[in-house]
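One structure is given here, and the rest of the page talks about it.
Just so it is clear: chains get the letters A, B, ... in the order the sequence lines come, proteins before strands, and each one is counted from 1.
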Amino acid sequence: MAVKIFIATDQLDSVLEKLATKIDLWIPALLKEDKSGPTGFIPYEPGKSPVFERQTTLPTKKLLLPQVETLLRFEYKKDPEGGSTSSIVVDDARQVRPTLVFGARSCDVRALITMDRVFSQGPYVDPYYVERRKNTFFATLVCEQNDSKCFCSSVGGGPADMEGSHLKIVKLDEGYVVEALTKEAGSLLEGLGEAVDKAKDTKAGKIVKEASKRIVGDLDTKGCAEAFRNRFAQNDFWVQMVSQCLSCGVCTYVCPTCYCFTITDETQNLKGERMRSWDSCMFSQYTLEASGHNPRPTKLERYRNRVGHKFSYIPEKYEGILGCCGCGRCIRSCPVTIDIRQVVGNLKENSNEQ
Amino acid sequence: MLETDRNQLHKLVEEALPELDMVIGWGQSTDSFQTTPVFVRDAKQISQLTLGPFCSQNLTGYLVKPPALDAAPKEGAKPIGICVKGCDSRSLVALIQEKFLTRERVRIFGIPCRGTVDWNKVGKLVDLSNVKSATVEEDVLVVDDSQTTHRIKLEEVLARKCYGCRYPNPLIQDVTIGEPATPRSTSIESSYRDVDRLDAKPLEERLDFWQSELDRCIRCYACRNACPLCVCQDKCIIESREPRWLTQRVGIPEKFLFHFIHAMHLAGRCTGCGECERACPMDIPVTLIKEKLNKIMEERLGYSAGLDVEAVPPLLTFNPGDTEI
């Protein structure tokens, strides 16, 4: 029997406060004192109310892949006897604590299926990611707020998709029904909230059923990998699709699935840190080679790579999964309103024309 | 009125297109209310062109940012047509002043502007997630979210820059579409109200303000790339890896440094088009930093960028006999 609790709306803060004593707790919240302003995930603090009414501006990505992280610290030590010889002391800076994200959405969690394939299922296993992934739990809202930019159902997800989630949250008018989906998550709920009565359980069941039936988005991604290959060298197509691109990094930074990173050593005197930070295929430095040659010199090649990576290279490499979770954030945040659905949708039309 | 203006724009573009390489203008995006830049090369595309308070993007950056266009014209190359509002025309003037373009290279479709809509402000009044349509009726924005029809005064939801706008009518153009607009501001004082309001606060408060605002920055560089005068492009000091001037870290000091480098590189060049602020996904008032610099330029040097093609920007020249500095 799965553990299931009810949290009345006015009890939410006290329940979260108790939960925060068991585990590091993150919630979706306003990043500016403005109810329609930008939102993102922040560590819970008593009195801070979660924003469940709309999707966050920034996804949960940074919890698993921080924008900047120290991979290791190093220090050169000179040998007083040995003249020019020196040794290097390396210190792994990892510190991972169990964390619960309370109020993620299925699109955010769906993105992890792609990330997991890249970081944890070989051939190269990323210990930093793997350890954080093992220690991060997701309490996911059954989503009722999809808007005109959402298309989760088109990329294999859906508003009630719980794949990869540990707890399910259903919002009722009077509060929240929270159900553990794993044994470990069940223990987190111990001693919290109230029992769920029959009426509430039925109501929650109905909401989940309706959300499961809802089809969000009408992008047809079937055959897009092949269609992309056919379009690859059609310069006119890319000029037509993305001439308005500014080559900024918004779409990649708000994307829950974009995982590209760069590694740099930042050193002062004899001490330094090796850091990993988000990179963006929209930036020229991303593919700049040591010779000075850049195989993707303009935004056309860069945007083409973004589409190809998500809808062709990833599905071909990883058994059909897409590099897109359909959250629509790139569409909402683009300063020139580029819609990736339009580009992907057009890949197929007359794809062999030229 | 909008309908008449749009028809006039279509007619003028249709007449001019055979002599032009392309016309850059605004068109409907996949969204029911946001516009997206369109590059009209074919007469069939002309019907996509639109104008009015939704046309927020400043398109002049495309003239100098490849590869949509060839900035260095080949022998016999046709001019490029571009639609500009008052503020956009100032960026064009600045680009010509700095010799990124020649005046002959562009055919300018000037559009007197009554202000552009800031959708973040509309979002405070209407839930934008389910908007079915948005239209403008005279000075009212009509938003239909399938349940209710909201009627909002345009004056309440304009971009911040519009309230201090002294130049709603293009300063440089070949043709004008529609009637001239009345400036909302006619003085330095009323153009820099937001700067004065912040300047009136004690230093600590100002520091707190900028720290909390810039803390949200995700270093996506949308502000930089949307700026028509950020002309260094892929050679930007912020990203240069050899030498590496700035760390990859994302603490407030690094964000501060980025935004102040951006602003300082625009000192005496920024025309206040507000693209940096509009492009910001995190709602940071980044144009305000440049407005402060613009105010200093006006007060100390009597110079305002992008007004006169012949003028020499004071920071792009020097006088060896100057005793004031």
- prompt: Which bit of B:T35 comes within less than 4.5 Å of chain A, counting heavy atoms only: side chain, backbone, both or neither?
  reply: backbone
task: Assess whether atom NZ of B:K124 is packed by more than 12 heavy atoms of other residues, nucleotides or ligands within 6.0 Å.
output: yes
Worked verdict on B:D234 versus A:R302 for salt bridge (charged side-chain N to carboxylate O under 4.0 Å, His left out): CA-CA 13 Å; B:D234 294 343; A:R302 293 176 207 160; 2.9 Å; yes
message: Using the side-chain contact (heavy atoms from CB on, under 4.5 Å) criterion, which residues pair with B:E205? Sequence neighbours excluded.
response: B:K201, B:P202
message: Apply side chain to side chain donor-acceptor pair (under 3.5 Å) to residues A:T337 and B:Q34 and explain how you reach the verdict.
response: CA-CA 7 Å; A:T337 338; B:Q34 309 243 41; 4.8 Å; no
task: Supply the atom-to-atom distance B:R216 CZ to A:L31 CG, rounded to the nearest 0.5 angstrom.
output: 7.0 Å
statement: Scored by heavy-atom pairs under 4.5 Å with chain B, the best of A:D339, A:V336, A:L288 is A:V336
message: Under 4.0 Å between a side-chain nitrogen and a carboxylate oxygen: does that hold for B:R249 and A:E273?
response: yes
- request: Go through B:R224, B:Q57, B:K235 and name the one with the most non-hydrogen pairs under 4.5 angstrom from chain A.
  value: B:Q57
query: Within the side chain of B:E239, is there an N or O that forms a donor-acceptor pair under 3.5 Å with the backbone of A:Q285?
result: no
message: Non-hydrogen contacts under 4.5 angstrom with chain A: give the residues of residues 274-286 of chain B involved, or none if there are none.
response: B:R278, B:A279, B:P281, B:M282, B:D283
- prompt: Hey, does B:Y62 have a side-chain heavy atom less than 4.5 Å from the side chain of A:L246?
  reply: yes
task: Would you indicate whether the side-chain heavy atoms of A:K32 and B:E213 approach each other to under 4.5 Å?
output: yes
Those residues that, when tested against A:C143, pass side-chain contact (heavy atoms from CB on, under 4.5 Å) (two or more places apart): A:R105, A:Q145, A:P159
message: Just so I know, are the side chains of A:Q244 and B:F39 near enough to count as touching, which here means a heavy-atom distance under 4.5 Å?
response: yes
- request: Examine the side chains of A:Q342 and B:T30 and answer whether a donor and an acceptor come within less than 3.5 Å of each other.
  value: no
field: side-chain contact (heavy atoms from CB on, under 4.5 Å) against B:Q28, all qualifying residues, sequence neighbours excluded
entry: none
task: Please confirm whether the backbone N or O of A:S247 pairs with a side-chain atom of B:N225, one donor and one acceptor, at under 3.5 Å?
output: yes
